[in-house]
2 protein chains.
Amino acid sequence: MLTSSVENYLKAIYYLQHESGWANTSAIADHMTVANPSVTMMLKRMAAMQPPLISYTPYEGARLTPAGEKQALEVIRVHRLMETFLVRVLGYTWDEVHADADRLEHASSPLLIERISALLGDPVRDPHGEDIPDRNGLLPNRSELPLTNLIAGQSGRITRVAADRPEILRYLGEIGLNLDVTVEVLEKAPFEGPLTVHSSESGSDHALGREITNRIFIDAAH
Amino acid sequence: MLTSSVENYLKAIYYLQHESGWANTSAIADHMTVANPSVTMMLKRMAAMQPPLISYTPYEGARLTPAGEKQALEVIRVHRLMETFLVRVLGYTWDEVHADADRLEHASSPLLIERISALLGDPVRDPHGEDIPDRNGLLPNRSELPLTNLIAGQSGRITRVAADRPEILRYLGEIGLNLDVTVEVLEKAPFEGPLTVHSSESGSDHALGREITNRIFIDAAH
DNA sequence: AACCTTAATTAGGATATGCTAATATTATAC
DNA sequence: GTATAATATTAGCATATCCTAATTAAGGTT
Ligand SMILES: [Mn+2]
Ligand SMILES: [Mn+2]
Ligand SMILES: [Mn+2]
Ligand SMILES: [Mn+2]
């Protein structure tokens with residue numbers, strides 16, 4: 001069985017790889033709040049495991065092997081199931097779930113995972129709209145685009161919020177930008193300026209910087 | 001925060017201390033399936049912590065300090081809440097809960113604990129009839145006696161089953177010896193022989209060795 | 001009192017994971 | 001194309017936890 005630490009590295013590498021195709025040392029170190037040499041060491045170990053979880057090229061970075069990707073998706077599945085459980089069964093808000101899910105994801109047996117999934121009706125999205133890999137690690141394809149890409153006058157349904165900082169999630173919730181809410185872009189300031197959006201849920205308008213609108217995703221099937 | 005390992009030692013020491021007043025090195029080693037020198041090392045560390053979790057006398061053993069007992073009761077509280085959750089919410093049987101609870105007990109935040117407890121209605125007993133310490137680590141007093149102590153003709157309600165091996169729990173469940181079931185002692189063989197008992201639940205009779213009847217507890221308020 | 005048995009500790013190592021400081025490599029900038 | 005900045009690796013160390021083998025202490029026996 002993999003240690004918690006290895007599982008956390010797998011997740012970090014998975015995310016980085018899906019952003020930019022590669023996971024380099026400093027990006028992993030950043031993501032995990034760990035020093036660079038710790039990452040180098042761990043990458044070597046993970047590449048030396050039987051079977052290897054990553055392929056590692058010094059000075060370039062790491063990529064998941066099929067075995068590594070399978071394990072990563074399993075951890076991500078458990079993480080997202082746990083988040084969903086915490087919100088739906090224990091009444092957490094979407095900004096409260098991350099730290100607890102990050103520990104629970106390493107403490108689950110196959111039985112626990114199955115039972116949690118069944119209890120929730122085999123959910124396909126977590127509280128942030130992230131896809132939950134199925135038992136076999138499969139993810140659905142979906143079409144969405146960042147809120148930033150809408151032009152003034154366009155509207156759409158929020159399908160996912162990729163903001164990692166809890167404060168941002170709490171703020172968005174407070175102003176009525178939750179999953180499945182329809183938003184309309186009223187104004188889009190030039191020079192990478194803020195977007196003014198209207199929430200159908202709260203009925204109020206808010207100006208949001210692109211740091212945030214880049215992380216709010218809208219159903220592309222307009 | 002304490003490591004999982006330290007939390008497991010705390011539990012082991014708590015149980016041994018409540019059986020015999022002391023927790024000596026080999027007993028702890030046995031209980032934890034760990035070698036003796038590992039225990040000696042850990043006891044030294046736990047006694048050196050700030051505040052100390054145990055008092056440790058070389059060649060004699062360990063005892064929990066008040067701080068250590070508080071922490072131990074907290075871990076036990078979480079363990080038993082998790083067991084209760086696994087049975088009541090996820091449909092585990094009482095013989096399936098232990099290993100999972102043993103991992104989950106180390107992965108819980110104060111919020112998680114409160115929410116789980118609230119979801120279950122602040123339960124006071126776990127699926128084996130063990131008392132769940134309350135938020136402040138307080139345990140109720142209760143009066144019970146081992147099934148072994150009943151004489152032929154006497155009957156009583158099962159309040160607790162302290163069998164640790166899952167196979168025993170599964171067996172007892174199968175023959176209808178569950179919590180709150182009323183049992184009658186039909187026969188008690190001499191020379192530490194078996195007890196023949198009748199279960200009101202299954203309506204059937206069974207001969208049980210004293211290894212087992214010593215671990216089944218009966219409400220003493222006959 | 002010397003002896004033996006059992007239990008516990010000490011010695012010496014191993015593994016997993018992290019850190020800082022020093023060094024090497026790669027990429028960028030003139 | 002060399003100098004510089006940025007990244008990454010190596011070296012050297014630390015902590016937590018476990019192990020086996022060797023030694024020591026405690027307690028009971030003759
Ligand atoms: Mn994690
Ligand atoms: Mn999520
Ligand atoms: Mn445990
Ligand atoms: Mn129990």
Side-chain angles (χ1 to χ4, degrees), chain A residues 1-13 16-17 19-64 68 71-72 75 102-103 105-107, chain B residues 1-13 16-17 19-64 68 71-72 75 102-103 105-107:
Chain A
M1 236 220 68
L2 303 177
T3 62
S4 302
S5 187
V6 170
E7 289 186 341
N8 286 333
Y9 276 93
L10 283 173
K11 278 204 311 182
I13 295 167
L16 293 168
Q17 188 172 326
E19 263 174 37
S20 67
W22 269 98
N24 60 352
T25 305
S26 325
I28 299 169
D30 252 39
H31 199 281
M32 302 199 48
T33 327
V34 111
N36 265 5
S38 308
V39 175
T40 301
M41 274 288 101
M42 182 57 104
L43 294 183
K44 286 188 189 169
R45 263 198 318 235
M46 289 171 76
M49 285 179 182
Q50 206 47 250
L53 298 175
I54 58 169
S55 62
Y56 165 60
T57 314
Y59 294 101
E60 296 207 1
R63 279 166 112 116
L64 295 172
Q71 299 280 340
V75 182
D102 240 353
R103 266 174 297 105
E105 70 192 357
H106 312 295
Chain B
M1 236 220 68
L2 303 177
T3 63
S4 301
S5 187
V6 170
E7 289 186 342
N8 287 333
Y9 277 93
L10 282 173
K11 278 205 311 182
I13 295 167
L16 294 168
Q17 187 172 327
E19 263 174 36
S20 67
W22 269 98
N24 61 353
T25 305
S26 325
I28 298 170
D30 252 39
H31 199 282
M32 302 198 50
T33 326
V34 111
N36 264 5
S38 308
V39 176
T40 300
M41 273 289 101
M42 182 57 103
L43 294 184
K44 285 188 189 169
R45 262 197 319 233
M46 289 171 75
M49 285 179 181
Q50 206 48 251
L53 299 174
I54 58 168
S55 62
Y56 165 61
T57 315
Y59 295 101
E60 297 207 1
R63 278 165 112 117
L64 295 171
Q71 298 280 340
V75 182
D102 240 354
R103 267 173 297 106
E105 71 192 356
H106 311 296

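So that the names make sense, note that chain A is the first sequence line, chain B the second, and so on, each numbered from 1. Keep in mind that the numbers below use all heavy atoms, side chains included, and drop hydrogens, waters and symmetry copies.
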Rounded to the nearest 0.5 Å, what separates atom CH2 in Trp22(A) from atom CD1 in Ile28(A)? 10.5 Å
Can you tell me the distance, in whole Å, between the CH2 atom of Trp22(A) and the C1' atom of dA27(C)? 16 Å
Closest nucleotide among dA25(D), dA11(C), dC18(D) to the Met42(B) side chain: dC18(D)
Whole angstrom value for the distance that separates P of dA6(D) from CG of Asp30(A): 15 Å
Figure out the CG/P separation between Leu43(A) and dT17(C), and round it to whole Å. 12 Å
Between P on dT17(C) and CG on Leu10(A), what's the gap in Å once rounded to a whole number? 11 Å
Does a side-chain heavy-atom distance below 4.5 Å link Val6(B) with Met49(B)? yes
Measure the distance from CE on Met32(A) to P on dT17(C) and round it to the nearest whole Å. 10 Å
Measure from the side chain of Arg45(B), starting at C-beta and using heavy atoms only, and say which of dC19(C), dC19(D), dT17(D) lies closest. dT17(D)
Nearest to the side chain of Tyr59(B), which nucleotide is it out of dT9(D), dT9(C), dC18(D)? dT9(C)
Nearest listed nucleotide, side chain of Ser38(A), among dC18(D), dC19(D), dC19(C): dC19(C)
Which heavy-atom pair separates Tyr56(B) from Ala47(B) by the least distance, and what is that distance? CB-CB, 3.9 Å
Are Lys44(B) and dT10(C) close enough that a side-chain N or O sits under 4.0 Å from OP1 or OP2? yes
Minimum-distance nucleotide (side-chain atoms of Pro37(B) versus dA21(D), dT20(C), dT17(D)): dA21(D)
Can you tell me which nucleotide in dC18(D), dT17(C), dC19(C) comes closest to the side chain of Thr3(A)? dT17(C)
Residue Tyr9(A), side-chain heavy atoms: nucleotide from dT17(D), dT9(D), dG18(C) that is nearest: dG18(C)
Thr40(B) vs dT10(C): side-chain N/O to OP1/OP2 distance below 4.0 Å: no
Less than 4.5 Å apart, any side-chain heavy atom of Leu2(A) and any of Leu10(A)? yes
Checking contacts here: which listed nucleotide (dT9(D), dT9(C), dT17(D)) is nearest the side-chain heavy atoms of Ser5(B)? dT17(D)
Restricting to non-hydrogen atoms, name the atom on Ala62(A) and the atom on Ile54(A) that form the minimum distance, rounded to 0.1 Å. CB-CD1, 3.8 Å
Starting from P on dT17(C), measure out to CD on Glu7(A) and report it in whole angstrom. 11 Å
Heavy atoms under 4.0 Å, any strand shown: does Val39(B) hit a base, just sugar-phosphate, or nothing? nothing
Could you state the CD-P distance from Glu60(A) to dT26(C), rounded to the nearest angstrom? 9 Å
Rounded to whole Å, how long is the line connecting atom CD1 of Ile28(B) with atom C1' of dA7(C)? 13 Å
